[in-house]
Amino acid sequence: APVIPKAAVAMAEEFEKEDAIGKRYLLDEVYFDKASSSIRDAEVKQLNELAKTITENKTLVIEIVGYTDNVGDSRLNLGLSQFRAKAVANYLFFRGVDPDRIKSNGFGQTKAVADNDSEENRSKNRRVEMVLIEN
């Protein structure tokens, strides 16, 4: 997935494009610790920019999708990925985004972007992506 633009203005421009609907964007500043769905303080800048973009562009509807690495039970990882997506959706809600415009889902350890052969690579899989549903 391409990396989401950094600034709200650039996000808005990207999300207005016709081919942006259905496209996945990596929130490349939002990763999770092992077995955690907590958003770290260092990650809120990107989420704040996303919240600003959505609140200023009243037709945008998004889906936040969470993932995990492959450590542990796959069923538990599916639940954890859903908690991660919901944590991001809740953060956006608390930043003023209408909850009807934010969907969330999790895919567990499926759709890895890196091999799960090292801690560094596993950390890349503990991520969230944003899918533009409507612009």
Side-chain angles (χ1 to χ4, degrees):
V3 173
I4 196 166
K6 298 292 182 208
V9 172
M11 283 183 201
E13 288 176 5
E14 173 67 24
F15 298 161
E16 287 175 0
K17 296 177 182 174
E18 221 172 282
D19 67 344
I21 294 178
K23 196 172 184 180
R24 291 184 177 278
Y25 296 91
L26 174 65
L27 296 167
D28 68 325
E29 295 177 14
V30 182
Y31 291 92
F32 295 88
D33 293 328
K34 289 185 257 186
S36 174
S37 60
S38 297
I39 297 170
R40 299 178 281 200
D41 290 342
E43 300 166 340
V44 299
K45 183 177 187 284
Q46 188 172 49
L47 295 177
N48 290 343
E49 291 295 311
L50 180 57
K52 181 179 178 183
T53 301
I54 297 168
T55 56
E56 290 178 355
N57 297 274
K58 302 294 184 199
T59 58
L60 295 180
V61 177
I62 66 164
E63 179 179 33
I64 300 295
V65 183
Y67 300 92
T68 67
D69 58 30
N70 71 344
V71 176
D73 183 275
S74 62
R75 291 171 299 165
L76 295 176
N77 282 341
L78 179 61
L80 178 58
S81 69
Q82 292 166 343
F83 283 132
R84 289 174 174 170
K86 186 55 87 176
V88 170
N90 285 342
Y91 183 86
L92 296 172
F93 166 69
F94 286 116
R95 295 296 298 178
V97 177
D98 179 348
D100 291 334
R101 297 173 52 211
I102 313 168
K103 316 288 183 225
S104 66
N105 202 351
F107 289 105
Q109 60 197 36
T110 64
K111 302 183 183 182
V113 294
D115 290 330
N116 283 293
D117 57 358
S118 69
E119 176 53 32
E120 180 181 347
N121 282 341
R122 284 188 293 274
S123 69
K124 294 174 185 174
N125 290 324
R126 298 191 297 262
R127 71 193 191 282
V128 288
E129 295 175 347
M130 187 217 79
V131 179
L132 186 64
I133 298 173
E134 292 179 32
N135 63 356

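Sequential numbering from 1 along the given sequence is applied to the chain's residues. Below, each value reflects all heavy atoms present in this structure, side chains not excepted, and no hydrogens, waters or symmetry copies.
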For this session: Measure the CZ-CG distance between F94 and L47 for me, rounded to the nearest 0.5 Å.
Result: 14.0 Å

Exercise. Do the side chains of Q46 and E49 get nearer than 4.5 Å, heavy atoms only?
Worked result: no

Exercise. So which of K124, R127, K6 actually passes side-chain hydrogen bond (donor to acceptor under 3.5 Å, both in side chains) with D28?
Worked result: K6

Exercise. Between CZ of F93 and NZ of K86, what distance do you get to the nearest 0.5 Å?
Worked result: 10.5 Å

For this session: Identify the two heavy atoms, one from A85 and one from G66, that lie closest to each other, and give their separation to 0.1 Å.
Result: CB-N, 3.6 Å

Exercise. Does any donor atom in the side chain of N77 or Y67 lie under 3.5 Å from an acceptor atom in the other side chain?
Worked result: no

For this session: List the steps and the verdict of side chain to side chain contact (heavy atoms under 4.5 Å, CB included) for R126 and D69.
Result: CA-CA 6 Å; R126 298 191 297 262; D69 58 30; 2.7 Å; yes

For this session: Over all heavy atoms of both residues, which pair between V128 and L26 is shortest? Give the atoms and the distance, please.
Result: O-CD1, 3.8 Å

Exercise. In this structure, are over 12 heavy atoms from other groups packed under 6.0 Å from K52 atom NZ?
Worked result: no

Problem set entry | Between OG1 on residue T53 and CG on residue N48, distance to nearest 0.5 Å | 10.5 Å

For this session: Keeping to residues at least two apart or across chains, list the ring pair (Phe, Tyr, Trp, His ring centres under 6.0 Å) pairs with something in residues 1-38.
Result: F15-Y25

Exercise. Side chains of R24 and V65: closer than 4.5 Å at any heavy-atom pair?
Worked result: yes

Exercise. What distance do I62 atom CD1 and N135 atom CG have between them, rounded to the nearest 0.5 Å?
Worked result: 13.0 Å

For this session: Could you give me the CA-CA distance, side-chain angles and deciding distance for V44 and R95, then say whether side chain to side chain contact (heavy atoms under 4.5 Å, CB included) is met?
Result: CA-CA 10 Å; V44 299; R95 295 296 298 178; over 6 Å; no

Problem set entry | Derivation of the salt bridge (Lys or Arg N to Asp or Glu O under 4.0 Å) call for K23 and E14 | CA-CA 11 Å; K23 196 172 184 180; E14 173 67 24; 3.3 Å; yes

For this session: Evaluate the criterion salt bridge (Lys or Arg N to Asp or Glu O under 4.0 Å) for residue pair K58 and D98; output intermediate values, then yes/no.
Result: CA-CA 9 Å; K58 302 294 184 199; D98 179 348; over 6 Å; no

Exercise. Are I4 and I39 connected, step by step, through hydrophobic side chains (Ile, Leu, Val, Met, Phe, Trp, Tyr) whose heavy atoms are closer than 4.5 Å?
Worked result: yes

Exercise. Counting N and O atoms only, with roles assigned by atom type, does the side chain of N125 sit under 3.5 Å from a partner on the main chain of Q109, one being a donor and the other an acceptor?
Worked result: no

Exercise. Is there side-chain contact between R40 and D33, with at least one heavy-atom pair below 4.5 Å?
Worked result: yes

Exercise. For the side chain of R101 and the backbone of L60, is there at least one donor-acceptor N/O pair under 3.5 Å apart?
Worked result: yes

Exercise. T68 side chain to S81 main-chain N or O, any donor-acceptor pair under 3.5 Å?
Worked result: no

For this session: Could you grab the distance from atom CE of M130 to atom CD1 of I54, nearest 0.5 Å is fine?
Result: 7.0 Å

Problem set entry | Closest non-hydrogen atom pair, N121 against A114 | O-CB, 3.7 Å

Exercise. More than 12 foreign heavy atoms under 6.0 Å from CG of D41: is that the case here?
Worked result: no

For this session: For side chain to side chain contact (heavy atoms under 4.5 Å, CB included), just list the numbers for V131 and N105, CA-CA rounded to whole Å, side-chain angles, deciding distance to a tenth of an Å, and then say yes or no.
Result: CA-CA 10 Å; V131 179; N105 202 351; over 6 Å; no

Seminar exercise, completed: Rounded to the nearest 0.5 angstrom, the CG-CE distance for N57 and M11 is 11.0 Å

For this session: Decide whether V30 and V97 are clustered together by the hydrophobic rule: side chain heavy atoms of Ile, Leu, Val, Met, Phe, Trp, Tyr closer than 4.5 Å, transitively.
Result: yes

For this session: Look at atom CD of E119 and say whether more than 12 heavy atoms of other residues, nucleotides or ligands are closer to it than 6.0 Å.
Result: yes

For this session: Apply the test salt bridge (Lys or Arg N to Asp or Glu O under 4.0 Å) to residues D19 and K17: give CA-CA distance (whole Å), side-chain angles for both, the deciding distance (0.1 Å), then the verdict.
Result: CA-CA 6 Å; D19 67 344; K17 296 177 182 174; 5.9 Å; no

